A.B. asks: 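Here it is, the structure, as structure tokens.
Everything quoted here is computed from the prediction, not taken from an experiment. In listed order, ligands and their atoms are each counted from 1. Values below: all heavy atoms of this structure, side chains included; hydrogens, waters and symmetry mates excluded. Sequence positions, counted from 1, serve as the residue numbers for this chain.
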Amino acid sequence: MSKNGVLDKSLGFSTRAIHQGHRAADHHGALNPPVYMSSTFAFETAEQGGEIFAGEREGYFYTRISNPTLGLLETRLADLEGAEAAVCASSGMGAICSAIWSLVEPGDEIITDGTLYGCTFSFFRESLQKFGITITHVDLTRPEMLTSAVSEKTKVVYFETPANPNMRIVDIEAVAKIAHTVDATVVVDNTYCTPYLQQPIALGADLVVHSATKYLGGHGDLIAGAVIGHADLIHQVRLVGLKDMTGAVLSAQDANLILRGIKTLELRMERHCDSAEIVAAYLESHPRVTKVYYPGLESYEGHAVAKKQMARFGGMIPFEIEGGLPAAKKLLNSLDLITLAVSLGDAETLIQHPASMTHSTYSAEELAEYHISEDLVRLSVGLEAVEDIIADLENAFNAAYDATTVDFENQRRRA
Ligand code: 3LM
């Protein structure tokens with residue numbers, strides 16, 4: 001253990017997730033870092049306060065700008081993502097908005113893939129366009145499409161990989177190379193992977209954003225976000241986007257819960273991946289399942305790129321079933337252990353219907369254009385015993401298809 005609490009980057013992921021930046025001896029021997037529940041910080045003199053405000057002296061003055069508990073979480077997240085710096089936010093959307101507002105002005109263009117988390121999509125499509133920012137959707141699973149799309153107006157290239165909800169895989173390295181030919185800032189939403197499975201900065205991304213509500217927190221008890229990347233960009237996001245434009249500051253209590261959550265991130269991600277591989281194989285072999293979108297399956301179109309940039313394939317499995325939407329609804333309504341809820345990355349297995357829930361911000365035409373099928377259901381594989389997850393799915397399939405057999409047979413005959 002180093003004297004000042006700064007651990008060498010060569011130490012293992014969990015070692016750094018548990019220890020980085022905290023030395024008990026500096027805190028009365030407290031094994032867990034104290035939580036600084038303070039909105040403001042007292043100055044010793046008026047001169048000192050003025051100097052801290054002017055940025056001439058280090059120090060805390062107000063939690064919307066910085067706070068020691070948030071600072072420790074930022075140190076750990078930056079370290080785990082292999083980046084210089086990080087800034088926390090009160091939600092994933094708070095992080096995304098703070099980052100984007102810091103990077104663009106009227107007349108600029110943002111290029112994104114058409115598949116994004118529903119509220120990110122509406123932030124780009126509806127909110128930002130009102131302020132004179134052009135949003136161009138390009139199929140980023142084909143990086144060559146970006147080459148002809150970028151211009152000096154392109155200030156940001158933004159994507160998720162795997163994308164929410166249909167697991168499109170974008171080659172981070174290839175896209176970053178093309179974006180950098182016009183000096184665009186490459187922003188990757190790494191929520192589905194966490195730094196344990198994928199580290200976009202090492203592949204050329206400039207900023208990583210997270211909904212820490214998901215795997216980083218890991219227990220479904222908070223809403224939070226983070227922006228991670230080069231120190232100069234993070235400085236800008238903190239002092240422009242977060243401080244003045246969104247004010248989306250995280251509470252110290254929630255930062256503390258995330259610090260606790262990431263201590264077990266490696267263990268939890270390994271378990272999510274182990275179980276998801278088993279569930280994906282089960283679904284792929286199920287006679288009623290027509291398509292499984294899991295990058296770990298060799299049959300999946302994004303498998304080769306996913307294998308190149310992800311350590312394992314994560315816990316998210318969207319799939320489509322025979323009988324379309326009516327059957328999907330019956331399946332969802334027949335589950336018992338698996339919880340019908342949005343969000344993801346919790347200990348509990350969750351299932352939802354993107355077209356009517358997380359992606360209801362897309363119009364029917366947009367859902368069709370960006371391949372978010374009406375029939376798609378999205379499973380977030382939790383930490384329960386995998387046999388119990390599969391048994392619940394099996395019971396629900398049986399219940400759904402008993403109830404709809406007549407409809408299917410009719411549909412089959414018509415087809
Ligand atoms: C969901 N997603 O169920 P918050 N980026 C990604 C996300 O999946 C999300 C955010 C950002 C879901 C939330 S839908 C009402 C529930 C890839 C959130 C936004 O602001 O922390 O929710 O993060 O897919």
A.B. asks: Nearest to atom 5 (N) of ligand 1, what protein heavy atom do you find, and at what distance?
C.D. replies: D189 OD2, 2.6 Å
A.B. asks: Are M167 and M316 side-chain neighbours, meaning at least one heavy-atom pair lies under 4.5 Å?
C.D. replies: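 Yes. Closest side-chain heavy atoms under 4.5 Å.
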A.B. asks: How does L344 reach ligand 1, by side chain, by backbone, by both or by neither, if only non-hydrogen atoms under 4.0 Å count?
C.D. replies: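 Side chain only; the backbone of L344 stays clear of ligand 1.
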A.B. asks: Are R168 and D113 close enough for a salt bridge, meaning some N to O gap below 4.0 Å?
C.D. replies: yes
A.B. asks: Is a salt bridge present between E270 and R312, judged by a nitrogen-to-oxygen distance below 4.0 Å?
C.D. replies: yes
A.B. asks: Please verify whether a non-hydrogen atom of G225 lies at under 4.0 Å from ligand 1.
C.D. replies: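 No; G225 lies far enough from ligand 1 that no heavy-atom distance drops under 4.0 Å.
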A.B. asks: Tell me whether the count of non-hydrogen atoms from other residues, nucleotides or ligands lying under 6.0 Å of NZ in K307 goes above 12.
C.D. replies: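 No - once you tally the heavy atoms of other residues, nucleotides and ligands closer than 6.0 Å, there are 12 at most.
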A.B. asks: Taking the non-hydrogen atoms of L350, is any one of them nearer than 4.0 angstrom to ligand 1?
C.D. replies: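 Contact check L350 vs ligand 1: negative.
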A.B. asks: Which of the numbered atoms in ligand 1 are below 4.0 angstrom from a heavy atom of M93?
C.D. replies: 4 (P), 19 (C), 20 (O), 23 (O)
A.B. asks: Within ligand 1, which atoms have a heavy atom of I96 less than 4.0 Å away?
C.D. replies: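 Checking each atom against I96, I get 11 (C).
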A.B. asks: Based purely on interatomic distance, does T120 place a nitrogen or oxygen under 3.5 Å from a nitrogen or oxygen of ligand 1?
C.D. replies: no
A.B. asks: Check this for me: does any side-chain nitrogen of one of R23 and D26 sit under 4.0 Å from a carboxylate oxygen of the other?
C.D. replies: yes
A.B. asks: To the nearest 0.1 Å, how far is atom 14 (S) of ligand 1 from its closest protein heavy atom, and which atom is that?
C.D. replies: Y117 OH, 3.2 Å
A.B. asks: Purely on distance, is any nitrogen or oxygen of V342 under 3.5 Å from one on ligand 1?
C.D. replies: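 So ligand 1 has no N or O lying under 3.5 Å from an N or O of V342.
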A.B. asks: Just to check, does M357 reach to within less than 4.0 Å of ligand 1 when the distance is taken from its heavy atoms?
C.D. replies: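 In this structure, M357 fails to qualify as a contact of ligand 1 - no heavy atom is under 4.0 Å.
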A.B. asks: Does Y192, backbone or side chain, put an N or O under 3.5 Å from an N or O of ligand 1?
C.D. replies: no
A.B. asks: Within a distance under 4.0 Å of any heavy atom of T358, pick out the atoms of ligand 1 and give their elements.
C.D. replies: 1 (C), 3 (O), 14 (S), 24 (O)
A.B. asks: Is it the case that ligand 1 has an N or O less than 3.5 angstrom from some N or O of N164?
C.D. replies: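 N/O-N/O distance below 3.5 Å exists for this pair.
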A.B. asks: Answer yes or no: does atom NE2 of H27 have more than 12 heavy-atom neighbours from other residues, nucleotides or ligands under 6.0 Å?
C.D. replies: yes
A.B. asks: For atom 23 (O) of ligand 1, what's the nearest protein heavy-atom neighbour? Residue, atom name and distance, please.
C.D. replies: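 Checked against all protein heavy atoms, atom 23 (O) of ligand 1 sits closest to S211 OG, 3.0 Å.
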A.B. asks: Is it true that, when you exclude E144 itself, more than 12 heavy atoms of the residues, nucleotides or ligands shown sit nearer than 6.0 Å to its CD?
C.D. replies: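 Check passes, neighbour count above 12.
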A.B. asks: Counting from 1, what ligand 1 atoms have a heavy atom of K214 closer than 4.0 Å?
C.D. replies: 2 (N), 9 (C), 12 (C), 13 (C), 18 (C), 22 (O), 23 (O)
A.B. asks: Should the pair R125-E366 be classified as a salt bridge under the 4.0 Å nitrogen-to-oxygen rule?
C.D. replies: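 Salt bridge flag = yes for E366 with R125.
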A.B. asks: With the threshold set at under 4.0 angstrom, would you say A224 reaches ligand 1 through any of its heavy atoms?
C.D. replies: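 Under 4.0 Å: yes for A224.
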A.B. asks: Under a 3.5 Å distance rule, please check whether D346 uses its side chain to pair with a backbone N or O of E348 as donor and acceptor.
C.D. replies: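 Not confirmed, D346 side chain does not pair with E348 backbone.
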A.B. asks: Would you confirm whether the ring centroid of H286 sits within less than 6.0 angstrom of the ring centroid of F319?
C.D. replies: no
A.B. asks: Numbering the atoms of ligand 1 from 1, which are under 4.0 Å from a heavy atom of T213?
C.D. replies: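 What qualifies from ligand 1 is 4 (P), 21 (O).
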A.B. asks: Atoms of ligand 1 less than 4.0 Å from R378 heavy atoms?
C.D. replies: 1 (C), 3 (O), 24 (O)
A.B. asks: Under 6.0 Å from the CD atom of E301, do we count more than 12 heavy atoms belonging to anything else shown?
C.D. replies: yes
A.B. asks: Backbone or side chain, does any N or O of S343 fall under 3.5 Å from an N or O of ligand 1?
C.D. replies: yes
A.B. asks: Please indicate whether any nitrogen or oxygen in G92 is less than 3.5 Å from any nitrogen or oxygen in ligand 1.
C.D. replies: yes
A.B. asks: If you measure from the Lys or Arg side-chain nitrogens to the Asp or Glu carboxylate oxygens, is any gap between E322 and R288 under 4.0 Å?
C.D. replies: yes
A.B. asks: Take atom CZ in F41; do more than 12 heavy atoms of anything else shown fall under 6.0 Å from it?
C.D. replies: yes
A.B. asks: Q352 near ligand 1, heavy-atom distance under 4.0 Å?
C.D. replies: no
